[in-house]
2 protein chains.
Amino acid sequence: MAITPEGRSAPTLRDVAEVAGVSFKTVSNVLNDHPQVREATRVKVLAAVEQVGYRPNLAARNLRLGRSGVIGLAVPELSQAFFAQLADEVIRIAAEQDLVVLVEQTGGERERELEALRNPRLSLTDGLLLAPLGLTHEDLAPDAAGRPLVVLGEPLFPGPVDHVTMQHEAAARAATAHLLALGRRRVVLLGAHAAEDTGVAALRYAGYRAALADAGLPVDDGLVVPIETWDRQRGAEAMGRVLDAGVRMDAVFAMNDDLALGALRSLQERGLAVPRDVALVGFDDVADGRYTFPSLTTVEPGRHDIARIAVTMLRERIDDRPRGDLGPRVVAPDFRLVVRESTGAEVRARRA
Amino acid sequence: MAITPEGRSAPTLRDVAEVAGVSFKTVSNVLNDHPQVREATRVKVLAAVEQVGYRPNLAARNLRLGRSGVIGLAVPELSQAFFAQLADEVIRIAAEQDLVVLVEQTGGERERELEALRNPRLSLTDGLLLAPLGLTHEDLAPDAAGRPLVVLGEPLFPGPVDHVTMQHEAAARAATAHLLALGRRRVVLLGAHAAEDTGVAALRYAGYRAALADAGLPVDDGLVVPIETWDRQRGAEAMGRVLDAGVRMDAVFAMNDDLALGALRSLQERGLAVPRDVALVGFDDVADGRYTFPSLTTVEPGRHDIARIAVTMLRERIDDRPRGDLGPRVVAPDFRLVVRESTGAEVRARRA
DNA sequence: AGCGCAGGTTACAACGTTGAACCGCGGGCC
DNA sequence: GGCCCGCGGTTCAACGTTGTAACCTGCGCT
């Protein structure tokens with residue numbers, strides 16, 4: 001209950017009713033525009049609402065209706081640009097649908113992702129959008145049934161859980177194909193995950209292999225660079241090691257933009273020209289890649305659609321909850337290869 | 001009320017009580033660990049809690065206590081790296097204090113910032129952290145009294161509102177002084193706001209002027225470039241115009257990192273070497289500036305402290321609400337000039 | 001033996017809201 | 001003229017929790 005500095009507690013339906021001279025339930029009826037209200041009383045009540053500055057108490061409404069209008073969004077961390085932009089979209093779209101978003105950070109750690117699923121602090125949300133990095137099938141299974149849930153990422157679990165994912169393989173294939181179409185033949189792959197046969201890294205790796213196969217090229221294991229955590233620092237370091245080892249290559253496909261931007265720095269630091277000496281493609285279309293020099297060619301994974309679909313699906317789950325006759329769904333929106341300067345789109349250097 | 005797919009509704013205190021063979025209030029007493037509970041019943045109750053899988057209903061608790069444990073955070077947009085990193089810190093610190101964060105985006109528009117202050121959707125938060133761009137004194141005044149509020153940004157309003165801000169002027173002065181100490185004499189200022197005498201832009205401008213004055217240099221209006229919206233694109237465009245106009249200069253102080261990174265691109269695009277030809281300093285210490293080439297010298301405004309102080313202050317406001325005897329506070333944590341390659345810190349180009 | 005007292009547990013009320021059931025009243029229909 | 005019905009509104013109960021106060025039991029004290 002909000003208490004004003006003067007010590008008055010926030011006005012309730014009863015206070016409005018008193019001013020309007022009707023029962024408090026009539027005020028409720030007006031506000032929920034039930035039909036059975038005479039225009040005259042409606043006006044009278046609305047005036048009273050205005051006068052006392054009434055605001056509905058959402059906690060009470062929430063208790064009564066079993067709905068809060070709040071959804072949870074659990075991401076690894078907002079300081080990763082991709083997730084920040086995703087959260088931006090999710091919040092924006094949720095607002096359009098009169099939902100509000102409670103953001104939780106998991107650090108990508110399995111333990112904390114599990115906690116996000118179970119956390120009682122989240123029990124005042126109607127449902128959860130979860131972008132997990134560490135979870136596995138088994139983790140999701142026991143909790144899946146609990147509350148409305150939509151997972152952002154590749155399907156971990158064939159159970160009753162909606163997934164909104166990306167066309168990882170097709171997009172990685174297109175990105176690699178783009179490099180090959182430029183005549184590049186030795187394409188470094190940054191970000192492979194050792195001993196992972198499902199998951200984002202594996203899918204993108206499969207796309208890379210497929211594109212090479214399409215071009216009749218073998219996979220050179222010497223060009224496949226494993227990096228567990230996809231951040232800029234590690235991208236720069238890995239690229240640096242590759243260069244210092246004297247590996248021959250003419251292109252880089254980084255599994256995300258952060259790796260790509262780190263790699264870009266390492267390339268430039270060593271005096272290599274991008275795209276002349278090495279062409280570079282990333283993945284995610286993070287804003288940072290648009291104003292680097294050269295700007296970064298990347299895959300736009302359909303972030304806007306992902307956010308829209310995820311919120312919509314979650315809402316459907318929430319609305320469906322009493323019935324529960326909605327099957328699990330998996331959607332992967334269209335992606336788009338955004339060609340910029342790092343693969344030779346109009347390098348606009350002027351006086352250089 | 002959470003309904004499981006099987007149609008069972010979530011267990012309540014009553015369900016636990018029935019299993020444990022005590023009254024539901026005793027269960028409540030156990031869970032809130034009131035002293036007056038025999039160890040034997042405590043154990044019995046906890047076992048029952050476990051057995052039925054009880055989770056407290058936060059909506060009910062919230063209604064009863066008038067507290068939700070949720071705080072609101074309203075920022076312009078998360079896709080701006082500075083705010084994403086700020087949100088990251090706020091969520092992290094809030095979690096430490098058992099608070100959870102509801103994030104709202106205002107787009108930096110006055111209208112929507114006002115709405116964030118008043119929005120009933122936020123009435124289930126205990127208080128609000130607001131990072132406004134468009135608000136003015138008059139806007140804040142009437143609403144300030146409503147609910148616990150901490151404003152992130154320079155003090156707009158001398159009323160009963162806490163502010164956590166930055167040492168804009170001192171930091172800008174230090175940044176500019178740093179450039180002057182390198183021997184630069186013609187320092188372009190990117191991001192001035194026309195006709196603004198208070199506000200972030202004005203304060204940073206004042207710091208810039210002060211540093212010049214310290215060095216006995218005049219302010220050259222031809223070097224002061226107004227940019228209303230501080231994003232990369234506009235930074236790049238403005239820098240481009242300055243360069244194309246043939247303005248003589250040997251350094252740039254951008255009012256934030258986004259402007260700086262945009263400017264960096266324009267400089268490089270035109271074949272100018274940073275820092276050799278032009279030294280460059282930004283403001284905010286956004287992650288992106290760490291792995292550009294050259295990396296970006298910038299002001300770290302004490303983001304971590306800002307987040308910590310803001311959350312703590314808000315909590316104090318919330319706790320103080322019944323009494324209301326807390327005066328308004330203004331805090332500006334220490335900043336730090338982070339010297340990187342764009343002003344000549346160990347340019348590590350190797351083969352170049 | 002009776003009384004008070006404290007420890008342990010319980011009943012009751014309340015937080016503010018909404019859905020269901022109910023009531024009085026006037027008008028239309030038979 | 002009596003009955004039914006719909007309109008406009010009301011009363012009642014409930015959502016699940018916690019603070020207050022009352023309750024009961026057994027024990028120690030006088």
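Values below: every heavy atom of this structure, side chains too, minus hydrogens, waters and symmetry copies. Chain letters run A, B, ... following the sequence lines, proteins first, then strands; residues in each count from 1.
- Side-chain contact check for A/Leu13 versus A/Leu31: some heavy-atom pair is nearer than 4.5 Å.
- Taking atom CZ of residue B/Arg67 and atom P of nucleotide D/dG19, one finds them 12 Å apart after rounding to whole Å.
- Remark: B/Arg42 pairs with B/Glu39 by the salt bridge (charged side-chain N to carboxylate O under 4.0 Å, His left out) rule, at least two apart or across chains.
- Only A/Val22, A/Ser23, A/Lys25, listed by number, bring a heavy atom of residues 12-25 of chain A to less than 4.0 angstrom from any atom of DNA chain D.
- With sequence neighbours excluded, the residues forming a side-chain hydrogen bond (donor to acceptor under 3.5 Å, both in side chains) with B/Arg110 are B/Asp139, listed by chain and number.
- With rounding to whole Å, B/Arg61 atom CZ is found 18 Å from C/dG16 atom C1'.
- Every residue two or more places apart in sequence or in another chain was checked for a salt bridge (charged side-chain N to carboxylate O under 4.0 Å, His left out) with A/Glu111, and none qualifies.
- Dashed line: the shortest gap from a side-chain N or O of A/Ser28 to OP1 or OP2 of C/dG16 is not under 4.0 Å.
- Side-chain N/O atoms of B/Asp88 and A/Gln105 include a donor and acceptor closer than 3.5 Å.
- Electrostatic pairing of B/Asp126 and B/Arg317 does not count as a salt bridge here, judged by no charged N lying under 4.0 Å from a carboxylate O.
- Of the residues in residues 29-39 of chain A, those placing a heavy atom less than 4.0 Å from an atom of DNA chain D are A/Asn29, A/Gln36, A/Val37, A/Arg38, in numerical order.
- Rounded to a whole Å, the CZ atom of A/Arg64 is 16 Å from the P atom of D/dT17.
- In this structure, B/Leu65 places its CG atom 16 Å from P of D/dG16, rounding to the nearest Å.
- In this structure the side chain of A/Ile318 reaches within 4.5 angstrom of the side chain of A/Ile71, judged on heavy atoms.
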(request) Show your working on salt bridge (Lys or Arg N to Asp or Glu O under 4.0 Å) between A/Glu104 and A/Arg112 and close with a plain yes or no. (result) CA-CA 10 Å; A/Glu104 185 111 342; A/Arg112 285 161 67 199; over 6 Å; no
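- Contact annotation: the side chain of A/Gln80 never approaches that of A/Val75 to less than 4.5 Å [non-hydrogen atoms, C-beta and beyond].
- Looking only at side-chain heavy atoms (C-beta outward), A/Asn62 and B/Asn62 stay at 4.5 Å or farther from each other.
- Within the 4.5 Å cutoff, the side chain of A/Glu89 has no heavy atoms near those of the A/Val311 side chain.
- Two end axes, each from the C1' atoms of five base pairs, can be drawn for the helix from C/dA1-D/dT30 to C/dC30-D/dG1; they diverge by 60°, to 10 degrees.
- Here the P atom of nucleotide D/dG9 and the CZ atom of A/Arg42 are 12 Å apart, to the nearest Å.
- We find that CG of B/Leu63 is positioned 13 Å from P of D/dG19, with the value rounded to whole Å.
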